[in-house]
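Remember, predicted model here, so these are calculated numbers, not experimental data. We're numbering straight along the sequence, starting at 1.
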Amino acid sequence: MVERLAARLGISQMRLLLGGWALAAVLLVVGLLLVLSNSTIVGAVVFMLGVITSMTVAVNLLRLRAAEHATRQPE
């Protein structure tokens with residue numbers, strides 16, 4: 001899925017994943033700020049979206065690295 005989205009956007013998979021991680025960081029910070037400013041339900045939802053995004057990016061990054069490692073030829 002990451003491959004197709006990166007191809008459609010015309011960027012590398014790594015750049016797409018780094019952009020996803022930046023989005024996750026923003027969601028986490030905004031969610032935390034909302035929770036601390038007494039918008040508890042909305043803040044919790046935004047924070048959880050950040051957690052889900054961060055974990056999805058981490059899993060896809062590990063898959064990308066494993067694929068790169070598998071295609072390398074031994075020296």
Side-chain angles (χ1 to χ4, degrees):
M1 185 166 146
V2 173
E3 300 89 9
R4 286 184 283 171
L5 183 58
R8 279 189 184 173
L9 295 174
I11 59 175
S12 70
Q13 294 176 33
M14 183 61 72
R15 284 185 187 238
L16 179 66
L17 291 172
L18 289 176
W21 236 332
L23 174 66
V26 169
L27 288 172
L28 288 169
V29 170
V30 168
L32 182 61
L33 290 175
L34 285 171
V35 167
L36 293 175
S37 68
N38 290 333
S39 296
T40 322
I41 301 297
V42 175
V45 169
V46 172
F47 189 83
M48 285 308 297
L49 284 173
V51 169
I52 291 168
T53 305
S54 178
M55 297 312 295
T56 302
V57 168
V59 167
N60 282 308
L61 184 60
L62 288 173
R63 285 182 182 169
L64 179 63
R65 286 298 182 190
E68 287 176 358
H69 184 68
T71 59
R72 284 189 191 156
Q73 296 179 357
E75 296 179 17

Ignoring hydrogens and angles, write down the donor-acceptor pairs under 3.5 Å from the side chains of residues 39-46, residues two or more places apart or on other chains.
none

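Annotation: the span from Ser12 atom OG to Leu18 atom CG amounts to 8.0 Å, rounded to 0.5 Å.
Contacts of Arg65 classified as side-chain hydrogen bond (donor to acceptor under 3.5 Å, both in side chains), with partners at least two apart in sequence or in another chain: Glu68. For Leu33, the side-chain contact (heavy atoms from CB on, under 4.5 Å) criterion is met by Val29, not counting sequence neighbours. Under the rule for a side-chain contact (heavy atoms from CB on, under 4.5 Å), the partners of Leu9 that lie at least two apart in sequence or sit in another chain are Leu5, Ile11, Leu16.
The salt bridge (charged side-chain N to carboxylate O under 4.0 Å, His left out) analysis of residues 1-23, with sequence neighbours excluded, yields no pairs.
With side-chain heavy atoms closer than 4.5 Å counting as contact, directly or through intermediates, Val59 stands alone and belongs to no larger hydrophobic cluster. Other members of the hydrophobic cluster containing Leu36, listed by chain and number, are Leu32; membership follows side-chain contacts under 4.5 Å among ILVMFWY residues, whether direct or relayed. Clustering of Ile, Leu, Val, Met, Phe, Trp and Tyr side chains at separations under 4.5 Å places Val51 together with Leu28, Phe47, Met55.
Both Trp21 and Leu17 are part of a single hydrophobic cluster, where members link through side-chain heavy atoms under 4.5 Å apart. Criterion: ILVMFWY side-chain heavy atoms under 4.5 Å apart, direct or through other members. Under it, Ile52 and Leu27 are not part of a common hydrophobic cluster.
Across Ala24 and Ser54, no two heavy atoms sit closer than the pair CB-N, 3.7 Å.
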TODO: Might you work through the side-chain contact (heavy atoms from CB on, under 4.5 Å) test for Met14 and Leu61, ending with a clear yes or no?
DONE: CA-CA 8 Å; Met14 183 61 72; Leu61 184 60; 3.7 Å; yes
